[in-house]
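Worksheet for the structure shown next.
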Amino acid sequence: MDMNDILNQWDKMQTNKIRKQKESGKNQISHKKANAPTPEEKAAKEERDFEAQIAADNSKKINPMEMWLRRYGTIDKDKIAEESVERTALQDRNYLINLRPEARIDLHGLHQDEALERLNFFISDCLAKGIKKVMIIHGKGIHTTGTDPVLGELVRKFIENNKHCGMSGHPKNQSDGGKGATWVILK
């Protein structure tokens, strides 16, 4: 048997196969790609891959320092030190005395009840804004007809009775008001 005989015989087999398919009415063509896995095979393979990935992750060795940093994070010691210095400076008496007033109120020309009302509002507003030192300008009482300055005494009593008012005093410089103004440290 030579090669031509083999090819002729194979040709006959193929034509017989095609004829039988046509007679039976079934088309045996598969739409599946050659060597493509079935859905069951795909699911089994994905499950094996997932288990293999978990096993690989569990077998990895992590640097203990890296694991500690992931768990607890880092601390900025410089920032903590700066905040501590700032807190102690605000509590330091000399620092607060020399601090420039952050807000001012002028009570010149007001009656006692008006001055008291504005003073209450001013202090509560400064507390809400986080202001530490305020200046209350009440005047020296030069134009007062009585013997004592009215607003100066009112401001002094207000500072003594208000729980948010701490240390107080008069400015050293006459240009800042002298005895006609009072600075107050707020708590």
Side-chain angles (χ1 to χ4, degrees), residues 37 39-110 112-140 149 151-187:
E40 295 85 20
E41 291 172 337
K42 283 182 182 177
K45 184 176 186 256
E46 286 175 2
E47 188 174 323
R48 282 192 310 267
D49 288 346
F50 181 69
E51 290 172 358
Q53 182 67 34
I54 290 175
D57 287 346
N58 289 339
S59 67
K60 285 182 184 175
K61 292 192 178 189
I62 297 176
N63 180 356
M65 182 65 77
E66 185 177 335
M67 185 171 70
W68 191 90
L69 287 172
R70 284 182 188 173
R71 183 176 296 161
Y72 300 109
T74 58
I75 298 172
D76 188 1
K77 292 181 181 178
D78 293 333
K79 183 179 178 184
I80 292 172
E82 288 172 5
E83 289 173 353
S84 174
V85 167
E86 188 176 316
R87 272 195 307 272
T88 55
L90 286 176
Q91 294 170 351
D92 185 25
R93 179 181 174 152
N94 291 330
Y95 174 78
L96 291 172
I97 290 173
N98 295 327
L99 180 71
R100 300 286 304 163
E102 299 170 290
R104 297 176 185 275
I105 185 170
D106 190 351
L107 303 177
H108 275 114
L110 299 178
Q112 284 186 341
D113 16 329
E114 291 175 326
L116 192 58
E117 184 179 326
R118 284 197 188 172
L119 204 51
N120 275 320
F121 179 75
F122 174 71
I123 295 295
S124 61
D125 189 41
C126 288
L127 287 169
K129 291 179 182 176
I131 294 175
K132 288 287 182 193
K133 186 173 182 180
V134 297
M135 179 71 75
I136 303 169
I137 302 169
H138 46 76
K140 295 179 184 175
L151 292 180
E153 185 64 24
L154 174 84
V155 169
R156 189 184 61 75
K157 286 181 181 177
F158 176 82
I159 292 171
E160 289 175 358
N161 296 329
N162 191 318
K163 64 180 181 180
H164 299 293
C165 294
M167 189 178 4
S168 65
H170 299 290
K172 295 175 185 173
N173 299 335
Q174 290 297 332
S175 61
D176 291 335
K179 297 282 183 190
T182 304
W183 55 260
V184 180
I185 305 294
L186 300 179
K187 298 181 197 174

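Owing to the predicted nature of the structure, the values given are computational and were not obtained by experimental measurement. What's counted below: heavy atoms across the whole structure, side chains too, no hydrogens, waters or symmetry copies.
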Check your understanding: What is the minimum heavy-atom distance between H170 and A181, and which atoms define it?
Key ->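 Here H170 and A181 meet closest at ND1-O, 2.7 Å.
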
Review point. For the residue pair G166 and I159, what are the closest heavy atoms and their distance?
Key: O-CG2, 4.2 Å

Exercise for review: Would you confirm whether S84, through its side chain, and I80, through its main-chain N or O, come within 3.5 Å as a donor-acceptor pair?
Suggested key: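 No; zero donor-acceptor contacts below 3.5 Å.
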
From [atom1] ([X]) to [atom2] ([Y]), nearest 0.5 Å:
X: I123; Y: N162; atom1: CD1; atom2: CG; result: 6.5 Å
X: K133; Y: I185; atom1: NZ; atom2: CD1; result: 5.0 Å
X: I105; Y: D125; atom1: CD1; atom2: CG; result: 9.5 Å
X: M135; Y: T182; atom1: CE; atom2: OG1; result: 8.0 Å
X: F158; Y: E153; atom1: CZ; atom2: CD; result: 14.5 Å

Point to revise | Check against side chain to side chain contact (heavy atoms under 4.5 Å, CB included), E160 and R156 | key: CA-CA 6 Å; E160 289 175 358; R156 189 184 61 75; 2.6 Å; yes

Restricting to side-chain contact (heavy atoms from CB on, under 4.5 Å), what partner residues turn up for [X], sequence neighbours left out?
X: A103; value: F122, C126, I131, V134
X: D78; value: D76
X: D106; value: H108, I137

**Study point:** E47 atom CD, over 12 foreign heavy atoms within 6.0 Å
**Key:** no

**Study point:** E117, CD: over 12 other non-hydrogen atoms inside 6.0 angstrom
**Key:**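 Not buried by this count: 12 neighbours or fewer within 6.0 Å.
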
Practice item. Could you walk me through whether H138 and L154 pass the side chain to side chain contact (heavy atoms under 4.5 Å, CB included) test, one step at a time? Key: CA-CA 9 Å; H138 46 76; L154 174 84; over 6 Å; no

Review point. What's the verdict on side chain to side chain contact (heavy atoms under 4.5 Å, CB included) for K187 and K163, showing C-alpha distance, side-chain angles and the deciding distance?
Key: CA-CA 8 Å; K187 298 181 197 174; K163 64 180 181 180; over 6 Å; no

Review point. Less than 4.0 Å between a side-chain N and a carboxylate O, is that true for E66 and R70?
Key: yes

